[in-house]
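In what follows, a structure is listed as structure tokens, so that the remarks can point back to it.
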Amino acid sequence: MDSAKQNKIRKFEEFVDRRLKPDLVHAIAQRDKVFEQQKIFSDLRRNIENLEKNSVTSLRTLVNLGSEVYMQADVPDTRHIFVDVGLGFHVEFTWSEALNFIAAREEKLSRQIEEYTSLIASIKAQIKMVCEGIRELLQLPVTEL
Amino acid sequence: METMGTVTPISSVFPAEEAQKASRRVQDTIAERQQQLDQLKGFIDDNISVINLVQKLPDETHHNIMVPFGKAAFFPGRLIHTNEFMVLLGEGYYAERTAKQTVDILKRRGKALETQVESLKAIMQDLEAEASFFDATAQESADGLVEIREDYVEEASSRAETAGYGKPDPTFSLEKDARKFSVEDEEYNRIFSRIDELEKEEEEAEKGNESDEDERIQNEPDSNISEMSTHQEVRSSPVQVVDVAKAPEAPAVSKGDGSLHCDYPPLNRSTMSKALELPEEKKKVQAPPSTSNMAFTGSIVEHAHNIGMNMLEQQTGARSSKPVSRFKMQRK
């Protein structure tokens with residue numbers, strides 16, 4: 001009977017270590033990626049709003065060629081902007097179109113973040129539950145963590 | 001010199017599993033280094049492609065490109081001033097350079113990367129040697145190799161005075177100690193005893209001839225004794241050497257876990273890398289017996305033949321010390 005219990009505890013621990021914890025790490029990494037996307041688009045929105053406010057039509061900037069070597073670049077017409085819409089496609093937008101697209105995109109990204117957050121919470125809850133199960137099997141007293 | 005050394009199977013000092021564990025840990029470190037190496041190689045490739053680009057750009061006055069605007073957007077635009085580059089010097093400082101100057105900077109960067117790669121490769125070689133050493137230890141431990149250890153007795157000289165010439169001592173110890181090289185050693189002991197006899201005869205003859213020179217006679221035994229004692233010391237040193245060669249690795253390797261291979265690489269880089277070519281290494285470590293007391297030889301392998309060779313060296317050294325003392329004697 002004792003060995004059966006030991007077996008069960010080991011199975012539970014393996015489930016936590018091999019399944020739940022990697023899942024948790026994966027979910028958190030995914031959410032971080034979405035956070036990054038969100039930041040990129042909010043930066044872009046702020047930049048376009050800046051251009052609009054200052055009514056900039058031509059732009060001179062420095063382009064990174066790699067290895068932190070920069071060269072001057074000239075943009076004669078900033079009213080048309082190519083925005084990444086995913087899967088490597090870029091769509092030519094005017095400023096207002098771009099802002100509309102970015103708003104839609106941001107909404108979607110924040111929804112994704114919420115999804116991942118709840119997924120992470122549920123994985124954490126599962127881990128906690130399995131740990132509680134192990135505790136019961138070992139008949140240890142309840143400890144507040 | 002009667003209770004002389006202990007015999008312990010290597011497997012009791014470093015069990016095979018432990019040695020394998022150590023080897024695995026070193027392998028992990030090697031994998032880590034390999035990743036670093038790949039990263040550096042990536043940097044080098046990037047650097048080369050940037051050099052090519054910088055060399056090509058000034059060929060035309062402008063290039064039509066898509067100018068990145070943030071990470072997710074582009075503007076159609078063009079590169080202008082194609083012979084002016086802003087190059088990062090480090091710490092946030094940039095310098096405006098021409099294409100040629102930029103290429104020079106990038107080439108210097110490439111060289112620095114190359115040296116980093118070289119040093120990383122050297123480190124990896126050392127680690128590989130270490131790993132193979134651990135593997136060898138595991139193998140030996142599994143094969144049931146035996147370690148023989150003896151304590152080096154410092155007051156060998158005083159004993160020589162009381163017990164006469166310690167001729168049987170080395171042979172005795174060596175017989176216990178080793179199986180293969182005792183033959184050569186006995187030969188040397190024979191030579192030594194012969195020399196000693198000759199010396200005694202000489203002494204006697206001198207006593208007979210120059211009995212009127214009191215000073216001489218009084219001096220003689222003293223110098224002789226001192227000479228004996230030097231023999232004894234030198235002759236017993238092989239025992240010490242054998243001991244030294246084996247003793248230090250017991251603490252070092254039996255540490256077993258983390259600390260072991262952290263303090264290896266800097267300390268033992270040279271010795272470890274040579275651990276494979278044991279003959280050379282052993283000789284090097286054993287040559288100065290007094291200092292090697294403190295040094296870690298990094299080898300457990302008992303290459304009896306090799307030690308025998310070393311003793312040969314040691315004893316020829318002892319012989320060479322003889323003429324000096326005799327010369328001293330005659331000078332008196």
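Chain letters run A, B, ... following the sequence lines, proteins first, then strands; residues in each count from 1. Computed from a predicted model, the values in this text were never measured in an experiment.
- Shown here for B:P76 and A:H80, the closest heavy-atom pair between the two residues is CD-O, 3.9 Å.
- Rounding to the nearest 0.5 Å places CZ of B:F69 at 6.5 Å from CG of A:L59.
- In this structure, the separation between CG on A:L65 and OG1 on B:T102 is 9.5 Å, given to the nearest 0.5 Å.
- The greatest number of non-hydrogen atom pairs below 4.5 Å with chain A, out of B:I80, B:V50, B:L53, B:N47, is found for B:I80.
- Contact between A:L44 and B:A73 at its shortest, heavy atoms only, is CD1-CB, 3.6 Å.
- Listed options A:V83, A:D77, A:D74, A:T78 were ranked by heavy-atom pairs under 4.5 angstrom with chain B; first place goes to A:D74.
- Judged purely by atom type and a 3.5 angstrom limit, B:R78 has no side-chain atom pairing as donor or acceptor with the backbone of A:P76.
- The shortest non-hydrogen separation linking A:M71 to B:T82 is CE-O, 3.3 Å.
- The greatest number of non-hydrogen atom pairs below 4.5 Å with chain B, out of A:E92, A:E68, A:R60, is found for A:E68.
- Only the side chain of A:L51 comes within contact range of chain B, with heavy atoms under 4.5 Å apart.
- Atom NE2 of B:H62 is separated from atom CD of A:Q72 by 14.5 Å, given to the nearest 0.5 angstrom.
- The contact between B:L57 and chain A is made entirely by side chain atoms (from C-beta outward), counting heavy-atom distances below 4.5 Å.
- If you look at A:Y70 and B:F85, their ring centroids are not closer than 6.0 Å.
- For a residue to count as touching a neighbouring chain, one of its non-hydrogen atoms must lie under 4.5 Å from one of that chain's; by this rule B:L79 touches chain A with backbone and side chain alike.
- Note: B:F74 CZ to A:I81 CD1 = 10.0 Å, rounded to the nearest 0.5 Å.
- Atoms CE and CG, from B:M86 and A:N64 in turn, are 12.0 Å apart once rounded to the nearest 0.5 Å.
- In this structure, CG in A:L62 is found 9.0 Å from OH in B:Y94, a value given to the nearest 0.5 Å.
- Annotation: side chain of B:K71 is not in contact with side chain of A:K39 (no heavy-atom distance under 4.5 Å).
- For chain B, the nearby part of A:F41 is the side chain; its heavy atoms alone come within less than 4.5 Å.
- With a threshold of 4.5 angstrom between heavy atoms, B:R97 does not approach chain A through any atom at all.
- At most 12 non-hydrogen atoms from other residues, nucleotides or ligands lie less than 6.0 angstrom from CD of A:E107.
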